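Quick notes on the structure that follows.
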Amino acid sequence: MNLQSIPLEYYLSLSAIMFTIGTVGVLTRRNAIIIFMCIEMMLNAVNLTLVSFSAFMGDSAGQMFVFFVMAVAAAEAAVGLAIVLALFRVKQTVYVDEINIMKW
Amino acid sequence: MEQDFLLSAPITFLSIMATILMVVDALIKKSSKITFTLSWLTLGITGVLAAWTLKHNGTAFNGMITVGSFGAFFDILFCMGALLTLIAARPYMQRENLEHDEFHSLILFAVSGMMIMAHANSLLILFIGIEIMSVCFYILSGYMRSSVRSVEASLKYFLLGAFATGFLVYGMALIYGATGSFDYNQIFMAAQHELRFPSLMMIGIGLLLIGLSFKAAAFPFHQWAPDVYQGAPTVVTAFMSTAGKIAAFSAFMPIVAIVSPADTEMKIQIILAIISAATMLVGNISALTQTNIKRMLAYSSVAHAGYLMMGLVAISAHHARGVSGILYYLSAYLFMQLGAFVIVSILERSGEKNLEIEDYAGLSKRHPVLAALMTIFMLSLAGIPPFAGFFGKYYLFTAAIESGYTWLTIIAVISSIISVYFYIGLIVKMYFTEPNESGESTQQLPGIASITLAVSAVAVVFLGLMPAGLLDVIKLLFGN
């Protein structure tokens with residue numbers, strides 16, 4: 001059984017659903033780290049889209065893009081967790097609704 | 001091969017120097033003097049290299065990046081912005097005890113990201129450029145690690161920025177699926193023919209526009225801008241709100257141009273026009289009620305994104321005046337916005353003091369020169385002749401009218417009139433109000449930040465009095 005036996009639409013729908021779950025998570029969660037994990041999920045949904053298009057078109061550019069997305073996500077994670085840590089040092093909280101010195 | 005490296009010299013040179021600078025930071029203690037000298041030298045040389053490639057028009061590295069004209073013009077703007085920021089940042093950082101040396105290499109990395117954005121000829125390169133710039137900005141805005149406000153700004157920027165990145169790459173993935181390529185030229189070709197998934201293409205374009213609008217701080221994705229611009233150290237704000245916005249538009253312009261053939265029902269054009277109108281109205285109206293000068297300038301920068309988007313509407317209507325209008329306006333905007341923020345950074349005192357508009361009462365008596373310069377920048381931002389801002393607006397407005405968007409121009413004029421209220425309000429405060437008790441009375445000299453102010457003020461006046469000079473250059477490079 002090869003990859004093509006599952007239609008492209010299935011992959012695209014799955015990644016669209018994953019992307020939506022991630023988006024909803026970002027909008028509803030309050031913990032900065034969970035919000036960040038939801039963003040990672042959105043990026044992974046994008047990766048799935050890219051890989052499936054790439055496989056179905058027989059073009060490797062999409063798979064190459066995925067590596068860059070993963071590298072960028074790693075860089076973002078490093079910076080993002082450092083920022084969360086810095087926030088925790090000055091404010092002892094990671095909940096975004098408690099960081100409201102400025103109007104959000 | 002040689003051609004690739006020769007013509008992409010500005011980007012490669014700057015990236016290598018930024019990396020070297022980071023190593024120098026790590027190896028030498030108390031290196032801020034060395035890194036400062038190295039970084040301004042690097043930016044100067046990069047600007048010269050970019051000026052040298054200005055006439056060479058083409059692509060490099062298998063069509064991944066464009067070299068010459070368009071990118072090189074932006075390279076010069078970025079280097080200019082970064083150079084002026086570095087010079088203004090030196091006294092500010094000394095006063096605020098923020099002299100960690102990474103500042104210089106972070107600025108250089110951010111500039112390399114912006115240059116990659118301006119040179120991108122493929123969605124992949126654009127993505128990498130945007131991320132390099134954004135990650136540097138997340139760090140820079142949280143640069144005052146002990147200040148709650150700064151860290152808060154950093155976290156908000158990071159979360160919302162990463163969220164927007166998700167939309168951006170999803171848009172890129174869908175466009176890739178619809179057209180089969182990341183390359184700008186091939187997307188442009190594919191968009192002119194029948195697409196395999198026309199609906200995916202439209203969704204992809206929409207998501208891409210969301211991502212880029214976020215970076216440009218356009219309505220309704222502008223909410224982060226006032227908070228981040230207020231919380232970040234003032235010199236960083238000066239850099240983000242000028243060079244960052246220029247970079248966003250340098251990426252926006254080719255994207256709008258390549259997807260416009262797919263826009264047979266003019267949907268994208270109308271959406272851009274509506275975003276543009278909403279952005280300038282929201283920006284200017286919100287700026288009216290602000291009491292903090294950084295927030296006021298932040299909302300004014302949102303409004304300026306709205307004016308600039310009029311040029312994008314003209315580009316999507318295949319009107320060449322849009323490009324030259326945006327390029328001229330961005331050059332003018334760099335100097336006026338940077339100058340205004342640098343004055344704020346000179347008057348600011350540690351612990352976020354002296355940032356209320358009230359504190360500017362009677363500034364003309366305490367700092368007559370600073371008040372006069374602030375007046376120049378405010379009048380230019382308001383678009384009052386003979387300063388650069390007026391001609392910038394004029395070109396964008398005519399471009400919009402000639403593309404058939406008279407209603408958009410009427411809204412732009414109305415919102416400009418609204419903006420005069422708070423720009424002139426600040427001038428009135430500086431000249432015709434008695435200084436109150438809280439206003440700082442000690443004389444503090446701006447130090448070398450005065451170089452930045454002098455250059456910005458001269459540029460604003462010069463571009464305003466002789467707009468033909470820059471416009472001729474733009475015409476020469478882009479053939480109208």
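Reminder, nothing fancy here: chain letters follow the sequence lines and each chain counts from 1. Computation of the quantities below employed the complete heavy-atom set of this structure, encompassing side-chain atoms and omitting hydrogens, waters and symmetry-equivalent molecules. Note that the structure is predicted; figures quoted are calculated from it, not measured.
Under the 30°/60° scheme for interplanar angles, the aromatic rings of B:Phe158 and A:Phe36 are found to be tilted. The aromatic rings of B:Phe182 and B:Tyr176 lie parallel to each other, their planes meeting at an angle below 30°, with 60° marking the opposite boundary.
Centroid-to-centroid, the aromatic rings of B:Phe167 and A:Phe19 come within less than 6.0 Å.
A donor and an acceptor atom, one from each side chain of B:Asp25 and B:Ser105, are located under 3.5 Å apart. Side chains of B:Glu131 and B:Thr165: a donor-acceptor N/O pair is present below 3.5 angstrom, by distance only.
Interface remark: B:Phe197 contributes side-chain atoms only to the contact with chain A (heavy atom separation under 4.5 Å). When heavy atoms are compared at a cutoff of 4.5 Å, A:Ala16 approaches chain B by way of both its backbone and its side chain. Contacts of B:Leu200 with chain A are made by side-chain atoms alone, with heavy-atom separations under 4.5 Å and no backbone atom involved. Within the 4.5 angstrom heavy-atom criterion, atoms from both the backbone and the side chain of A:Val69 approach chain B. Heavy atoms of A:Leu87 lying under 4.5 Å from chain B belong to its backbone as well as its side chain. Contact annotation for B:Ile128: only side-chain heavy atoms (C-beta onward) come within less than 4.5 Å of a heavy atom of chain A. Contacts between B:Ser146 and chain A at a heavy-atom distance below 4.5 Å involve the backbone alone (N, CA, C, O).
For the residue pair B:Ile11 and B:Met115, the shortest heavy atom distance occurs at N-CE, 3.7 Å. Taking each heavy atom of B:Met201 and B:Ala178 in turn, the nearest pair found is CB-CB, 3.8 Å. In plain terms, the two heavy atoms of B:Gly161 and B:Lys215 that are nearest each other are O-NZ, 3.9 Å. When all heavy atoms of B:Gly177 and A:Met57 are compared, the pair lying nearest together is O-SD, 4.2 Å.
Top candidate by heavy-atom pairs under 4.5 Å with chain B, chosen from A:Gly62, A:Ala82, A:Ala73, is A:Gly62.
Each of B:Lys294, B:Arg149, B:Arg295 was compared with B:Asp227 under the salt bridge (charged side-chain N to carboxylate O under 4.0 Å, His left out) criterion, and only B:Arg295 meets it.
At a heavy-atom separation below 4.5 angstrom, chain B is approached by A:Met42, A:Leu43, A:Val46 within residues 41-48 of chain A.
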